[in-house]
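Note sheet for the following structure.
Labels below follow one simple rule: chain letters A, B, ... track the order of the sequence lines, proteins then strands, and each chain is numbered from 1. Everything numeric here is computed off the predicted structure, so don't read it as measured data.
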Number of protein chains: 2
Amino acid sequence: MKNNIKVERAIKGITQEELATKISVSRQTINAMEANKYVPSTLLALKIAREFGKPVEAIFFLEDSD
Amino acid sequence: MKNNIKVERAIKGITQEELATKISVSRQTINAMEANKYVPSTLLALKIAREFGKPVEAIFFLEDSD
DNA sequence: ACTTTAAGTAAAGTTTACTTTACATTTGTG
DNA sequence: CACAAATGTAAAGTAAACTTTACTTAAAGT
């Protein structure tokens, strides 16, 4: 699974810390997500998508390996 | 967070076991998800949404408590 | 009524998400 | 350059997802 968080965050012009605060996680969690260190929960996916005003599928993508 | 899985599954007419197999998890995982026993990963959310031919947001819903 | 299939549930174990703390590196700005 | 802000990264700990096994209950068909 891949994601667009870094790009969407750049579009919105907010820092990892700001995004983290908005969705109530640690900054390291955002950083690790952007680095594809793990698969976030659906709760976070929904919150992030809402934050960016886009559907989950516009931010998180299944890959062939999934 | 709530979800619609049981309803979507009824619409499609498939069993918990069949859905489980399609997205490569155990039947108990599907059962527990339907019973809101835990928050599934985004990977599963994407696969389930794809299986039902609907966006993630049509199947998983944020609540005020989230 | 009997049998089969689907669903509910539970306990123990493994894996992984996520936090906290802490430090290093990069990037932007005066 | 100097300083601050943002990002990268890592290790140790906690919480939670997910599996496996197994037993029970419900529903549906013969």
Side-chain angles (χ1 to χ4, degrees):
Chain A
M1 209 192 64
K2 279 178 37 188
N3 74 75
N4 251 354
I5 297 172
K6 193 166 189 169
V7 173
E8 293 293 336
R9 195 167 54 72
I11 291 172
K12 252 212 152 187
I14 63 175
T15 67
Q16 291 182 345
E17 180 116 44
E18 285 166 340
L19 178 57
T21 300
K22 290 205 179 216
I23 68 173
S24 305
V25 294
S26 70
R27 178 182 66 83
Q28 283 76 356
T29 294
I30 300 297
N31 190 285
M33 284 178 46
E34 291 186 359
N36 285 305
K37 293 266 178 68
Y38 59 74
V39 176
S41 72
T42 299
L43 193 58
L44 296 193
L46 287 172
K47 286 183 174 182
I48 290 171
R50 186 178 58 180
E51 187 58 33
F52 291 143
K54 301 199 174 171
V56 170
E57 281 89 345
I59 299 169
F60 296 90
F61 310 94
L62 287 174
E63 295 176 292
D64 294 342
S65 53
D66 293 326
Chain B
M1 207 191 67
K2 278 177 38 186
N3 73 75
N4 250 354
I5 298 172
K6 192 165 188 170
V7 173
E8 293 294 335
R9 194 167 55 72
I11 292 172
K12 252 212 151 189
I14 63 175
T15 68
Q16 291 181 345
E17 180 116 45
E18 285 166 340
L19 178 57
T21 301
K22 289 204 180 218
I23 68 174
S24 305
V25 293
S26 70
R27 179 182 65 84
Q28 283 76 354
T29 294
I30 300 296
N31 191 286
M33 285 179 45
E34 291 187 359
N36 285 304
K37 293 267 179 65
Y38 59 73
V39 176
S41 72
T42 299
L43 193 58
L44 296 193
L46 287 172
K47 285 184 175 184
I48 289 172
R50 185 178 60 180
E51 187 59 32
F52 290 142
K54 301 197 174 171
V56 171
E57 281 88 345
I59 298 169
F60 297 90
F61 310 93
L62 286 174
E63 294 176 292
D64 294 342
S65 54
D66 292 326

Give, for atom CE of A/Met1 and atom NZ of B/Lys47, the distance between the pair rounded to the nearest 0.5 Å. 11.0 Å
Taking DNA chain D as the partner, which of residues 35-44 of chain B come within under 4.0 angstrom of it by heavy atom? B/Tyr38, B/Val39, B/Pro40, B/Ser41, B/Leu44
CZ-CG distance between A/Arg50 and B/Leu62, expressed to the nearest 0.5 angstrom: 5.0 Å
Chain B footprint on DNA chain C, 5' to 3' - any atom under 4.0 Å from a heavy atom: C/dA6 to C/dA10
Does the side chain to side chain contact (heavy atoms under 4.5 Å, CB included) test come out yes or no for A/Asn4 and A/Phe61, once each step is laid out? CA-CA 8 Å; A/Asn4 251 354; A/Phe61 310 94; 3.6 Å; yes
Hey, could you give me the CG/CD1 distance between A/Asp66 and B/Ile23, rounded to the nearest 0.5 Å? 12.5 Å
Let me have a per-nucleotide readout for nucleotides 24-30 of chain D, 5' to 3', with B, S or -, counting only protein heavy atoms under 4.0 Å. -------
By a strict heavy-atom criterion of less than 4.0 Å, which residues belonging to residues 15-30 of chain B are in contact with DNA chain C? B/Thr15, B/Gln16, B/Arg27, B/Gln28
Starting from the C-alpha separation in whole Å, work towards a yes-or-no answer on side chain to side chain contact (heavy atoms under 4.5 Å, CB included) for B/Ile5 and B/Leu19. CA-CA 10 Å; B/Ile5 298 172; B/Leu19 178 57; 3.8 Å; yes
Among B/Lys6, B/Glu17, B/Gln16, find the residue that satisfies the side chain to side chain donor-acceptor pair (under 3.5 Å) test when tested with B/Asn31. B/Gln16
In Å and rounded to the nearest 0.5 Å, what is the CZ to OG1 distance from A/Arg27 to A/Thr29? 10.0 Å
Whether A/Lys6 contacts D/dA6 is assessed here as follows: a side-chain N or O lying under 4.0 Å from the phosphate OP1 or OP2. Is that the case? no
When rounded to the nearest 0.5 Å, the distance separating NZ of B/Lys22 from CD1 of B/Ile30 is 12.0 Å
Regarding A/Glu18 and A/Lys12, does a basic nitrogen lie under 4.0 Å from an acidic carboxylate oxygen? no
Just by modelled atom types, is the A/Leu46 backbone N or O under 3.5 Å from a matching donor or acceptor in the B/Glu57 side chain? no
Nearest whole Å is fine: how far is D/dA5 C1' from A/Asn31 CG? 15 Å
Under 3.5 Å, side chain of A/Ser41 to main-chain N/O of B/Ser41, donor-acceptor pair present? no
If you round to the nearest 0.5 Å, how far is CZ of A/Arg9 from CD1 of A/Ile11? 11.5 Å
Is the backbone of A/Lys2 close enough, under 3.5 Å, to the side chain of A/Asn36 for a donor and an acceptor to pair up by distance? no
Taking side-chain hydrogen bond (donor to acceptor under 3.5 Å, both in side chains) as the test, write out the residues that go with B/Ser24, two or more places apart. none
Is there a donor-acceptor contact under 3.5 Å from the side chain of A/Thr42 to the main chain of B/Pro40? yes
Quick one, which residues of residues 47-66 of chain B touch DNA chain C with a heavy atom under 4.0 Å? none
